[in-house]
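First the structure, in the form of structure tokens, and then the observations on it.
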Amino acid sequence: MDRCRRVAELLRRELSQLIAREVGDRRVKMLSITAVTVSKDLKQATVYVSSVERGAAADDIEDALNRAAGYLRRLLARQVHLKTTPKLVFKYDDSIQRGVEMTQLIDSLTDNHAAG
């Protein structure tokens, strides 16, 4: 299991740089990779991404990255020396946005309580 974690962290670091440098699609600018999980056999990696841009469409971001997945995998294979470079699957992670919304909700309740 420790190997899976090490590979996941390596992929997270490398993909962050590759996406920023190599993917020209404007839909994937200002992204953050929130997590990477790797299957036990290291053949597939699920990459969770979040956008710091307001109003970014999750489906568009996911679609753009999954279209570029093969290209990113080839670039990744040149940079990381693994027996097999995992197949990449991108999923949008809305936990950051949900956290912001919860914080705003709590703040508004606190403000209402203090005013009342």
Side-chain angles (χ1 to χ4, degrees):
M1 195 56 139
D2 195 41
R3 179 166 168 74
C4 288
R5 255 194 309 260
R6 286 194 317 266
V7 170
E9 181 57 29
L10 173 66
L11 295 178
R12 188 190 66 74
R13 279 194 319 265
E14 294 296 329
L15 281 170
S16 291
Q17 294 174 3
L18 285 174
I19 290 170
R21 268 194 338 253
E22 302 291 338
V23 179
D25 194 317
R26 63 176 175 72
R27 297 176 290 179
V28 299
K29 297 301 175 195
M30 303 295 291
L31 280 185
S32 175
I33 296 178
T34 57
V36 176
T37 59
V38 180
S39 63
K40 287 182 183 180
D41 61 5
L42 302 177
K43 290 186 179 183
Q44 182 169 323
T46 304
V47 183
Y48 297 91
V49 297
S50 185
S51 178
V52 296
E53 229 177 296
R54 267 188 112 80
D59 290 341
D60 288 343
I61 292 169
E62 218 175 88
D63 181 57
L65 288 170
N66 281 311
R67 286 178 184 263
Y71 174 65
L72 290 168
R73 184 180 184 197
R74 283 189 300 277
L75 293 175
L76 198 56
R78 292 182 195 152
Q79 289 193 252
V80 297
H81 303 288
L82 298 171
K83 188 174 181 179
T84 303
T85 303
K87 176 185 177 208
L88 302 173
V89 176
F90 290 90
K91 296 195 184 250
Y92 192 80
D93 178 6
D94 65 350
S95 62
I96 293 173
Q97 182 59 36
R98 283 185 291 142
V100 168
E101 290 169 2
M102 291 297 278
T103 300
Q104 290 171 343
L105 180 61
I106 291 168
D107 289 347
S108 71
L109 291 173
T110 304
D111 292 345
N112 287 343
H113 182 69

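- Side-chain atoms of T34 come within 3.5 Å of backbone N or O of Y48 as a donor-acceptor pair.
- There is a path of hydrophobic side-chain contacts, each under 4.5 Å, that joins V23 to L18.
- Between L88 and A69 the shortest heavy-atom distance is O-CB, 3.6 Å.
- Annotation: the span from L15 atom CG to R13 atom CZ amounts to 11.0 Å, rounded to 0.5 Å.
- The cluster map of Ile, Leu, Val, Met, Phe, Trp and Tyr, joined by side-chain heavy atoms under 4.5 Å apart, puts I19 and V80 in the same cluster.
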Checking L65 against V47 for the side-chain contact (heavy atoms from CB on, under 4.5 Å) test, could you report, in this order, the C-alpha distance in whole Å, the side-chain angles of both residues, the deciding distance, and whether it holds? CA-CA 10 Å; L65 288 170; V47 183; over 6 Å; no

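- Within the model, atoms CG of L10 and CG of L76 stand 7.0 Å from one another, a figure rounded to the nearest 0.5 Å.
- Residue pairs that meet the side-chain hydrogen bond (donor to acceptor under 3.5 Å, both in side chains) test with at least one member in residues 62-80, sequence neighbours left out, are E14-Q79, E22-Y71, D63-R67.
- Heavy-atom neighbours of D107 CG from other residues, nucleotides or ligands within 6.0 Å: above the threshold of 12.
- Within the model, atoms NZ of K87 and OG1 of T46 stand 9.5 Å from one another, a figure rounded to the nearest 0.5 Å.
- Partners of L109 under the side-chain contact (heavy atoms from CB on, under 4.5 Å) rule, at least two apart in sequence or in another chain, are L105.
- Rounding to the nearest 0.5 Å gives a distance of 8.5 Å between CG of D41 and SG of C4.
- The line from NZ of K91 to OG of S50 is 15.5 Å long, rounded to the nearest 0.5 Å.
- Both I33 and F90 are part of a single hydrophobic cluster, where members link through side-chain heavy atoms under 4.5 Å apart.
- Put simply, CG on L11 and CG on L82 are 6.5 Å apart, with the number rounded to the nearest 0.5 Å.
- Between L42 and R3, some side-chain heavy-atom pair lies under the 4.5 Å cut-off.
- A salt bridge does not link R6 to E9: none of the charged side-chain nitrogens sits closer than 4.0 Å to a carboxylate oxygen.
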